[in-house]
**Q** 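The following block contains the structure, expressed as structure tokens.
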Amino acid sequence: MTTRKTVIVTGASQGIGAGLVNAFIQRGYNVVATSRQVSASEAFQASDRLALVDGDIGDAETAARVARTAIDRFGSIDALVNNAGIFLAKPFVEFTMADFEKLSSTNLEGFIHLTQQVVRQMLAQKTGGSV
Ligand SMILES: NC(=O)c1ccc[n+]([C@@H]2O[C@H](COP(=O)([O-])OP(=O)(O)OC[C@H]3O[C@@H](n4cnc5c(N)ncnc54)[C@H](OP(=O)(O)O)[C@@H]3O)[C@@H](O)[C@H]2O)c1
């Protein structure tokens, strides 16, 4: 018997992230999809193998809820796609500190919060995993 693997996809409400959610579902994975407004997304169909978690990836509390959802609903975390990210198309000299803080929160802190949660779980599972 093959046990289903569970993957977490961040930035899942649209674009590349939504495409990954659909691809993983089609290939038989359990998926936890997260973004600020992923539950309002119309980019994928409901599935009993898909869990949606709304939240800002820069908040540590979001990472904790995402990891908890994967474990409670599907029993493991086997892969993580750190896809959430923003790009501010403005000249460097026009960057405000608020811009920089938003970039750091979303593109760096979000990666750290969730990847720590996920790797801790993978180490406890002792079955490897992919980030
Ligand atoms: N497309 C490209 O050509 C390209 C090139 C190089 C790198 N990338 C990178 O690849 C990734 C995906 O690109 P994309 O074009 O598919 O991006 P996109 O269409 O702009 O989608 C970004 C995703 O990130 C989520 N997101 C943004 N801020 C967030 C936050 N604070 N907390 C949680 N989720 C947040 C958005 O959902 P919500 O609004 O619901 O939060 C959305 O699902 C990004 O990291 C991007 O920088 C893309």
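Order of appearance sets the numbers: ligands from 1, and atoms from 1 within every ligand. Atoms considered below: every heavy atom in the structure, side chains included; atoms not considered: hydrogens, waters and symmetry mates.
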**Q** Could you identify the single nearest non-hydrogen protein atom to atom 22 (C) of ligand 1 and state the distance to 0.1 Å?
**A**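 Looking at atom 22 (C) of ligand 1, the protein heavy atom closest to it is G85 O, 4.0 Å.
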**Q** Considering non-hydrogen atoms of the protein only, which is the closest contact for atom 8 (N) of ligand 1, and what is the distance?
**A**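 Protein heavy atom at minimum distance: I16 CD1, 4.8 Å.
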**Q** Using a 4.0 Å heavy-atom threshold (strictly under), name the region of T106 that reaches ligand 1: side chain, backbone, both or neither.
**A**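 Only the side chain of T106 comes within reach of ligand 1.
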**Q** For V38, is there any backbone N or O sitting under 3.5 Å from a side-chain donor or acceptor partner on D54?
**A**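 It does hold such a pair.
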**Q** For the 3.5 Å polar cut-off, considering only N or O atoms, please tell me whether F87 and ligand 1 meet it.
**A**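 For ligand 1, there is no N or O atom that lies under 3.5 Å from one belonging to F87.
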**Q** Quick one: do I86 and M97 end up in the same hydrophobic cluster if we chain Ile, Leu, Val, Met, Phe, Trp and Tyr together by side-chain heavy atoms under 4.5 Å apart?
**A**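 In one cluster: no.
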**Q** Taking N or O atoms only and a 3.5 Å limit, does I57 qualify as a polar contact for ligand 1?
**A**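 Checking ligand 1 against I57, an N or O pair does fall under 3.5 Å apart.
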**Q** Identify, for atom 31 (N) of ligand 1, the protein heavy atom at the shortest distance, and state residue, atom and that distance.
**A**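 For this ligand atom, the closest protein heavy atom is D56 OD1, 3.1 Å.
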**Q** Under 4.0 Å from atom 3 (O) of ligand 1, is there any protein heavy atom?
**A**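 So atom 3 (O) of ligand 1 lacks protein heavy-atom neighbours under 4.0 Å.
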**Q** If you count the atoms of ligand 1 from 1 in the order shown, which ones are under 4.0 Å from a heavy atom of Q37?
**A**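 The atoms of ligand 1 under 4.0 Å from a heavy atom of Q37 are 40 (O).
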**Q** May I ask you to identify the nearest protein heavy atom to atom 35 (C) of ligand 1, giving residue, atom name and distance to one decimal place in Å?
**A**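 Its nearest protein heavy-atom neighbour is R36 NE, 3.9 Å.
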**Q** Considering non-hydrogen atoms of the protein only, which is the closest contact for atom 12 (C) of ligand 1, and what is the distance?
**A**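 Atom 12 (C) of ligand 1 sits closest to the protein heavy atom N83 OD1, 3.1 Å.
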**Q** Between the side chains of D48 and R73, is the shortest nitrogen-to-carboxylate-oxygen separation below 4.0 Å, so that they form an ion pair?
**A**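 Salt bridge flag = no for D48 with R73.
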**Q** Indicate whether the side chain of Q121 and that of Q125 have a donor and an acceptor atom separated by less than 3.5 Å.
**A**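 Short answer, yes.
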**Q** Heavy atom of G58 under 4.0 Å from ligand 1?
**A**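 Contact check G58 vs ligand 1: negative.
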**Q** Under the 4.0 Å line, does any protein heavy atom show up next to atom 6 (C) of ligand 1?
**A**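 So far as the 4.0 Å threshold goes, atom 6 (C) of ligand 1 is out of reach of every protein heavy atom.
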**Q** In terms of hydrophobic clustering (I, L, V, M, F, W, Y; side-chain heavy atoms under 4.5 Å; direct or indirect links), are F111 and V81 co-clustered?
**A**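 Per the 4.5 Å side-chain linkage, F111 and V81 are not co-clustered.
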**Q** Taking A23's backbone N and O only, do any of them form a donor-acceptor pair with R27's side chain (distance below 3.5 Å, no angle check)?
**A**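 Looks like yes, one N/O pair under 3.5 Å.
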**Q** I'd like to know whether CZ of F74 has more than 12 heavy-atom contacts from other residues, nucleotides or ligands below 6.0 angstrom.
**A**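 Yes.
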**Q** Could you check atom 18 (P) of ligand 1 against the protein and tell me its nearest heavy-atom contact, residue, atom and distance included?
**A**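 Protein heavy atom at minimum distance: Q14 NE2, 3.4 Å.
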**Q** So which heavy atom in the protein is nearest atom 36 (C) of ligand 1, and how far is it from that ligand atom?
**A**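 The closest heavy atom on the protein side is S13 OG, 3.8 Å.
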**Q** So for ligand 1, is G17 a polar contact partner (N or O within less than 3.5 Å, distance only)?
**A**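 No - when backbone and side-chain N and O of G17 are compared with those of ligand 1, no distance drops under 3.5 Å.
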**Q** Is T34 reaching over with its side chain to a backbone N or O of V53, donor-acceptor style, under 3.5 angstrom?
**A**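 Looks like yes, one N/O pair under 3.5 Å.
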**Q** For Q37, is the CD atom crowded, meaning more than 12 foreign heavy atoms sit under 6.0 Å from it?
**A**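 Not more than 12 within 6.0 Å, no.
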**Q** Which part of A12 is near ligand 1, with near meaning a heavy atom under 4.0 Å away: side chain, backbone, both or neither?
**A**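 For A12, the contact with ligand 1 is made by the backbone alone.
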**Q** Output the distance between atom CG (D78) and atom CZ (R4), rounded to the nearest 0.5 Å.
**A**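 Separation between the atoms: 12.5 Å.
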**Q** Which of the numbered atoms in ligand 1 are below 4.0 angstrom from a heavy atom of G55?
**A**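 Near G55, the atoms of ligand 1 are 32 (N), 33 (C).
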**Q** Provide, to 0.1 Å, the distance between atom 25 (C) of ligand 1 and the closest protein heavy atom, together with that atom's residue and name.
**A**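 It is G11 CA, 3.6 Å.
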**Q** Would you say D59's side chain and E61's backbone share a donor-acceptor pair under 3.5 angstrom?
**A**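 Side chain of D59 to backbone of E61, a donor-acceptor pair under 3.5 Å: no, none is there.
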